[in-house]
Amino acid sequence: MQTKRMTFPGRWLPFALLAPQVVVTLIFFIWPAGQALYQSLLREDAFGLRTTFVGLENFARLFRDGAYLNSLSVTVVFAVGTTLLSMTVALLLASTVNRMIRSRSTYTTLLVWPYAIAPAIAGVLWWFIFNPSIGIVPYMLEMVGYRWNHRTSGSDAMLLVIFAAAWKQISYNFLFFLAGLQSIPQSLIEAASIDGASPFKRFWTIIFPLLTPTTFFLMVVNVVYAMFDTFGIIHATTQGGPAQATNILVYKVYADGFVGLNLGSSAAQSVILMAIVVLLTVVQFRFIERRVNY
């Protein structure tokens, strides 16, 4: 069977169609990334009057800085917690909705709404819910003997930002998991049911292996989301505190660059953050993808 090959009537039409995306990539990614890499090799005073080329000294200082190493460990805990929580809850909700017939579209619409909320607004909502003075959750926890206070407890603050970030991302994961579940042939599940497989065994041996492409894709997306897109949540809830307990890498870039006016160190941190995300993505595609069944 021969496939029909698409041809363009004009020679410059393909370039014209690609031009908008290329321009956007150059302006909003290549240019800022190049500028950050250039600034990471410099040291500027707070007033921007004098610039000194220092080479890799900004990078060397970062790895000798205890606050930056703490930010690395905080980011790992935050990214892992957010990814696991958001994907687990989304898979559970998608499995439940997938079994519905009449009300499936209604539940899907309601579950998608949180994704339309800006990260800063999501952070404010969860800040009110867990506020030690007026929040409903601290009031309920105090009834069982636990005093919640994310202003003084680093573990409470970390749980708060993980809950807020995961809640924001559940809708996105839910849509992909639901689409993946609906693409699984029902005959496979019915055959396993006839053979006497329990619901848990059917899920673990048939459904979940067939969902591995979707799970792998979402794992990559969620790690990138936790690394970059959660600045608004951190800024609206804890601002990196208490005692740097929630000061993730992307927020430390802002704090050192825009608040502390240490542009060289901030640029070096942004370069390292970008390299970490690229390395994680390469590792995931290089090793974890081998366990994916397409």
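Predicted, not measured: the structure shown is a model, and the values here were computed from it.
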Describe, in one word, how the ring planes of [X] and [Y] are oriented to each other, choosing from parallel (under 30°), tilted (30 to 60°) and perpendicular (over 60°).
| X | Y | answer |
| --- | --- | --- |
| His235 | Tyr251 | tilted |
| Trp127 | His150 | perpendicular |
| Phe208 | Trp204 | parallel |
| Tyr254 | Phe231 | perpendicular |
| Phe176 | Tyr172 | tilted |

For the backbone of [Y] and the side chain of [X], can you confirm whether one donor and one acceptor N or O come within less than 3.5 Å of each other?
| X | Y | value |
| --- | --- | --- |
| Ser73 | Asn70 | yes |
| Thr88 | Leu85 | no |
| Arg43 | Thr52 | no |

Handout entry: Stepwise ring-ring contact (aromatic ring centres under 6.0 Å, His included) test for Trp167 and Phe163
Key = CA-CA 6 Å; Trp167 177 80; Phe163 288 155; over 10 Å; no
Do you know which two heavy atoms are closest between [X] and [Y], and how far apart they sit?
| X | Y | value |
| --- | --- | --- |
| Asp256 | Ser265 | OD2-OG, 4.4 Å |
| Asn58 | Ser40 | ND2-O, 2.8 Å |
| Ala236 | Ala120 | CB-O, 3.6 Å |
| Leu249 | Thr75 | N-OG1, 2.9 Å |
| Ala157 | Thr238 | CB-CG2, 4.0 Å |
| Val253 | Ser270 | CG2-N, 3.9 Å |

Quick one: pull up [atom1] in [X] and [atom2] in [Y] and give me the separation to the nearest 0.5 Å.
| X | Y | atom1 | atom2 | result |
| --- | --- | --- | --- | --- |
| Tyr107 | Phe174 | OH | CZ | 11.0 Å |
| Thr230 | Tyr225 | OG1 | OH | 6.5 Å |
| Leu181 | Arg99 | CG | CZ | 9.5 Å |
| Leu175 | Leu93 | CG | CG | 11.0 Å |
| Asn98 | Leu91 | CG | CG | 10.5 Å |
| Asn131 | Trp148 | CG | CH2 | 11.5 Å |

Side-chain heavy atoms of [X] within contact of [Y], under 4.5 Å:
| X | Y | value |
| --- | --- | --- |
| Leu263 | Leu42 | no |
| Val137 | Leu141 | yes |
| Tyr115 | Lys168 | yes |
| Trp31 | Leu26 | no |
| Phe177 | Met87 | yes |
| Gln35 | Pro32 | no |
| Leu210 | Leu188 | yes |
| Leu110 | Trp113 | yes |

Indicate, with yes or no, if [Y] and [X] share a hydrophobic cluster defined by side-chain heavy-atom contacts under 4.5 Å among Ile, Leu, Val, Met, Phe, Trp and Tyr.
| X | Y | answer |
| --- | --- | --- |
| Leu273 | Phe258 | yes |
| Val76 | Leu279 | no |
| Leu125 | Phe130 | yes |

Problem - Donor + acceptor pair across side chains of Thr82, Asn222 (<3.5 Å) - result: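 Absent: no donor and acceptor within the cut-off.
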Practice task
Return yes if a side-chain donor-acceptor contact under 3.5 Å exists between Asp156 and Asn149, otherwise no.
Solution key: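 Asn149 and Asp156 do not have a side-chain donor-acceptor pair below 3.5 Å.
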Handout entry: ring pair (Phe, Tyr, Trp, His ring centres under 6.0 Å) involving Phe228 - partner list, sequence neighbours excluded
Key =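 Phe228: no ring pair (Phe, Tyr, Trp, His ring centres under 6.0 Å) contacts found.
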Handout entry: Worked check of side chain to side chain contact (heavy atoms under 4.5 Å, CB included) between Phe15 and Leu18
Key = CA-CA 5 Å; Phe15 298 99; Leu18 289 174; 5.6 Å; no
Exercise for the section: For Phe28, look at atom CZ and say whether over 12 heavy atoms of other residues, nucleotides or ligands are found less than 6.0 Å away. Expected result: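 No.
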Handout entry: CZ/Arg151: more than 12 non-hydrogen atoms of other groups inside 6.0 Å
Key =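 Result for CZ/Arg151: enclosed.
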Problem - Working for side chain to side chain contact (heavy atoms under 4.5 Å, CB included), residues Gln169 and Asn173 - result: CA-CA 7 Å; Gln169 192 69 3; Asn173 298 335; 3.8 Å; yes
Handout entry: Non-neighbouring partners of Gln244 that pass side-chain hydrogen bond (donor to acceptor under 3.5 Å, both in side chains), sequence neighbours left out
Key =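 Only Asn247 meet the side-chain hydrogen bond (donor to acceptor under 3.5 Å, both in side chains) criterion with Gln244.
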Practice task
Take Trp126 and Ile233 through the side chain to side chain contact (heavy atoms under 4.5 Å, CB included) test and state the conclusion after the steps.
Solution key: CA-CA 9 Å; Trp126 282 85; Ile233 293 175; over 6 Å; no
